[in-house]
Amino acid sequence: MFDRNMHLSEMKGMVMIMLLKKRLRKNQKIADEILHQIGGSVILVLLLIAAVAICMVSWLSITSKKTELIQESNAAANQLAGFLQQYAKNAEQLAANPEIKYVMAHTKPGDQMSQTEKMDTVMTNLINIANTDTENVMAAWVSDLDASRLMQSDGFVSEDGWDITGRGWYDCIETKEPILTEPYVDSSTGKMILSAASPVFDDEDGSVLGAAGMDIAMDHMTQILSEYKIGRSGYILLLSGSGTFLYHPDSEFIQKNIKDVSISQNVADAVTAKSSQFLKYTADGVTKYGFLQPAGDTGYLVLSSLPMTEYHSILAAMVIALIIIFAAGIVLIAFSIRKSAAKLTKPILELNHTAQQIAAGDLNVNLQIASENEIGELGESIQKTVSRLKEYIIYIDETSDVLAQLADGKLSIDLKNDYAGEFQKIKTALLNISDSMNQVMSGINESSEHVSVGASELAAASQVLAEGAQEQATSVAQLTATSNTVADHVENSRTQAEASAKATAQAAAMIEQNQAKMKQMMNAMDKIQQTSQQVVGIIQTIEDIASQTNLLSLNAAIEAARAGEAGKGFAVVADEIGKLALESSKAANTTKELIEISIEEISKGNTIAQGAVNSLKESVDAVEHANEMIQKTAETAIVQAEKMEQLRTGIEEISHGIQDNSAASEETSATSDELASQAEILNKMVQKFELGS
């Protein structure tokens, strides 16, 4: 027994000495290994911290610069929008002036606005408006649409042939909304200006009479933007809605379109879209960052610009500083670890010597480790371990035998020795393992039999369910085809009903047109009848004249007879006049009779036409009633088509669900077969163990 104990002690000692020799070949090796392991971990942590710090610094720096660009763009856009919108509102208030509306309402094509009543008052108002802000307002003006005339507060009056439609602010008349025009160069002053214009409406019918507005100098806006500074070399750009540079620190870019300069396409696309965007772009070969912001509803856009070198300058400086700090920290940590490792080497040498004694079979060792750290505790632990090895070899042997029995499948064990100290836990654990394994194996054996039976029953039920689901899927497929056919018929009915409704509507429109024409004919016949009545009156007058003429001819004949020879010629003339008066009277009577006949016939025609009009009206009512019925039929057909489409969709979903259930049932059946097979295999494996009674 003593030899066996010595043999085990030698084996354990050899294992320990091998581990210690591997680490204690040289004192310098321990320091290097500690440096590699501990220092490597510390350096890795420091590198990770440095990487995280650099990432955070990068994020903070880039976010700070990005926020600065966005805030500067928003501030400039808001200030610019506020500046321009006040003039847009002023133009809108100017267009609402009653005197201006009066002048435009009374100025007709070809008139001179200056000669219109109240124009003096209007000019006085325009001059006062221009004088209130002489720094920015170049002129206030009004323009009449009908006369195509313009008058300004500075005394300018448009000449003949001046075309209002060619003005940049004419869009406000077409859109009926106040606008701010694209900037342009004023011909008289050479300054960049824009116009704030608003349409002038007629209060009676709401029509557009003309426009009123004011010309605004761009000097103040460019001064505002020039005061914005971003970092050392950043600045703000101003562009029109069409992409024309209105302000740029380099005057060569002003009045150039963004498409005509060397700049990235993404900037041109963002200007076209007129959306707020953070941009990285290239201008004249220099990479820059900026934020594009529309200036409210003015149509102008503000673009901040900062070179990439300055955008990342703070980041680069902070990264270099962090690298230097962490590099110095790594060197200091490596030096400290090396120094601490050297101090740990001495007590470890003594542990190495003790391990060599144990490897030689000498368990009578005595360690003198003065270190008050883990190495000292390790020396004490080794000393206690050597003392206990002598007592616990018997326990180890019996435990080894019991474990061998368990490995062979003999789950019932018997421990003969009393285990002291911590080995009592091993004894208790082995007995618990034996009891637990007996119970587990018995339970597994019984459960595997139940699982096998249940899996077989489940497989049979799943197969029946799969067959039923397949039959349901076939029935639902037939129902789907039938619903599709019915839906097609309903769709055809709906299409035909809509066509019928359209045809009846056309017929009703044609009958209404004929009814209107019949009314026009009746009106014409009424006018003819009225005219005929007037003609009858005229003929009556002619008859009266003929009667008087005949009477005069008789009187003339009597006087001629009294005159004797001197009156013979006059008697002949009187006779001829009497004959002419008689014929005129007969002709007038004949004409009167014919006109009375015509009036009577016209009256009959009016009666017939009125009957036709009434019949047409009844026809229109009947056709409209039929059209309403057909329209309701068409609407009902549409609802039916929608319901049929919903029904068809529902049937298709049911079909898909049944097919999925069928597939799931087949898969469940296959899984149940596999489960039964695995339960059988498990049962055979459990039977290999020898269970206790």
Side-chain angles (χ1 to χ4, degrees), residues 53-84 183 192 217-296 298 300-324:
I54 291 173
C55 291
M56 292 181 65
V57 169
S58 301
W59 180 80
L60 290 173
S61 175
I62 293 174
T63 302
S64 174
K65 286 295 182 182
K66 183 176 180 181
T67 302
E68 182 181 3
L69 288 173
I70 293 174
Q71 290 177 346
E72 291 294 332
S73 293
N74 288 334
N78 292 334
Q79 188 172 0
L80 182 63
F83 175 77
L84 293 175
M192 287 286 296
M218 295 285 293
D219 295 342
H220 186 67
M221 286 190 291
T222 55
Q223 178 64 28
I224 291 174
L225 297 177
S226 65
E227 294 174 355
Y228 281 90
K229 300 296 182 184
I230 305 174
R232 297 188 306 274
S233 56
Y235 48 83
I236 293 291
L237 303 176
L238 176 62
L239 298 98
S240 67
S242 61
T244 301
F245 284 100
L246 305 178
Y247 170 74
H248 195 288
D250 188 351
S251 59
E252 294 181 358
F253 286 88
I254 296 177
Q255 285 297 299
K256 287 186 178 180
N257 194 275
I258 197 169
K259 298 178 181 178
D260 300 328
V261 299
S262 177
I263 196 166
S264 301
Q265 183 62 34
N266 63 331
V267 179
D269 295 339
V271 170
T272 302
K274 292 182 176 58
S275 59
S276 301
Q277 294 187 34
F278 185 80
L279 301 169
K280 178 182 179 182
Y281 62 96
T282 302
D284 292 332
V286 179
T287 301
K288 299 181 178 182
Y289 289 89
F291 185 77
L292 184 69
Q293 177 64 37
T298 62
Y300 294 89
L301 301 105
V302 172
L303 175 63
S304 55
S305 180
L306 186 67
M308 185 177 68
T309 54
E310 186 174 350
Y311 187 80
H312 294 295
S313 59
I314 296 177
L315 172 62
M318 296 185 72
V319 169
I320 292 173
L322 287 173
I323 291 174
I324 294 173

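Note that the structure is predicted; figures quoted are calculated from it, not measured.
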| query | Between Leu238 and Thr222, is a side-chain contact (heavy atoms from CB on, under 4.5 Å) present by the stated rule, with each step listed? | reply | CA-CA 8 Å; Leu238 176 62; Thr222 55; 5.6 Å; no
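- Taken from OG in Ser73 to CG in Asn78, the straight-line distance is 10.5 Å, to the nearest 0.5 Å.
- Counting non-hydrogen atoms of neighbouring residues, nucleotides and ligands closer than 6.0 angstrom, the NZ atom of Lys274 exceeds 12 such neighbours.
- Under the 3.5 Å distance criterion, the side-chain polar atoms of Gln79 are left unmatched by any main-chain donor or acceptor of Ile224.
- Within the 3.5 Å criterion, the main-chain N or O of Ser242 finds a donor-acceptor partner in the side chain of Asn257.
- Ser264 contributes a side-chain N or O that, together with a main-chain N or O of Thr282, makes up a donor-acceptor pair within less than 3.5 Å.
- Going from atom NZ of Lys259 over to atom CD of Gln265 covers 8.0 Å, rounded to the nearest 0.5 Å.
- Contact of the Lys288 side chain with the Tyr311 side chain is not registered, since no non-hydrogen atoms from C-beta on lie closer than 4.5 Å.
- Atoms CD1 and CD, on Ile230 and Gln71 in that order, are 10.5 Å from each other to the nearest 0.5 Å.
- Interatomic distance, Glu72 CD to Leu69 CG, rounded to the nearest 0.5 Å: 8.0 Å.
- Residues Pro183 and Tyr300 share a closest heavy-atom pair of CD-OH, 3.5 Å.
- You'll find the side chain of Lys65 stays beyond 4.5 Å of the side chain of Tyr289, heavy atoms only.
- The main-chain N or O of Phe291 is found under 3.5 Å from a side-chain atom of Ser304 such that the two form a donor-acceptor pair.
- Nearest approach of Asn266 to Lys280, heavy atoms of both residues: ND2-O, 3.1 Å.
- For the pair Lys229 and Ile236, the minimum side-chain heavy-atom distance is 4.5 Å or more.
- Contact between Leu301 and Gly241 at its shortest, heavy atoms only, is CD1-CA, 4.0 Å.
- The shortest side-chain heavy-atom distance between Leu84 and Met221 falls under the 4.5 Å cut-off.
- Few gaps surround CD on Glu227; more than 12 heavy atoms of other groups in view lie less than 6.0 Å from it.
- The shortest distance between side-chain heavy atoms of Pro294 and Ser276 falls below 4.5 Å.
- When every heavy atom of Gln293 is checked against every heavy atom of Asn74, the shortest pair comes out as OE1-OD1, 3.0 Å.
- Residues Val261 and Phe245 meet the side-chain proximity criterion, which asks for heavy atoms closer than 4.5 Å.
- Ile263 places none of its side-chain heavy atoms less than 4.5 Å from the side chain of Phe253.
- In this structure, the side chains of Tyr281 and Leu292 stay at 4.5 Å or more apart for every pair of heavy atoms.
- Leu303 CG to His248 NE2: the interatomic distance, rounded to the nearest 0.5 Å, is 9.0 Å.
- To the nearest 0.5 angstrom, Ile254 atom CD1 is 8.5 Å from Leu246 atom CG.
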| task | Determine, stepwise, if the pair Thr298 / Leu80 fulfils side-chain contact (heavy atoms from CB on, under 4.5 Å). | result | CA-CA 9 Å; Thr298 62; Leu80 182 63; 5.6 Å; no
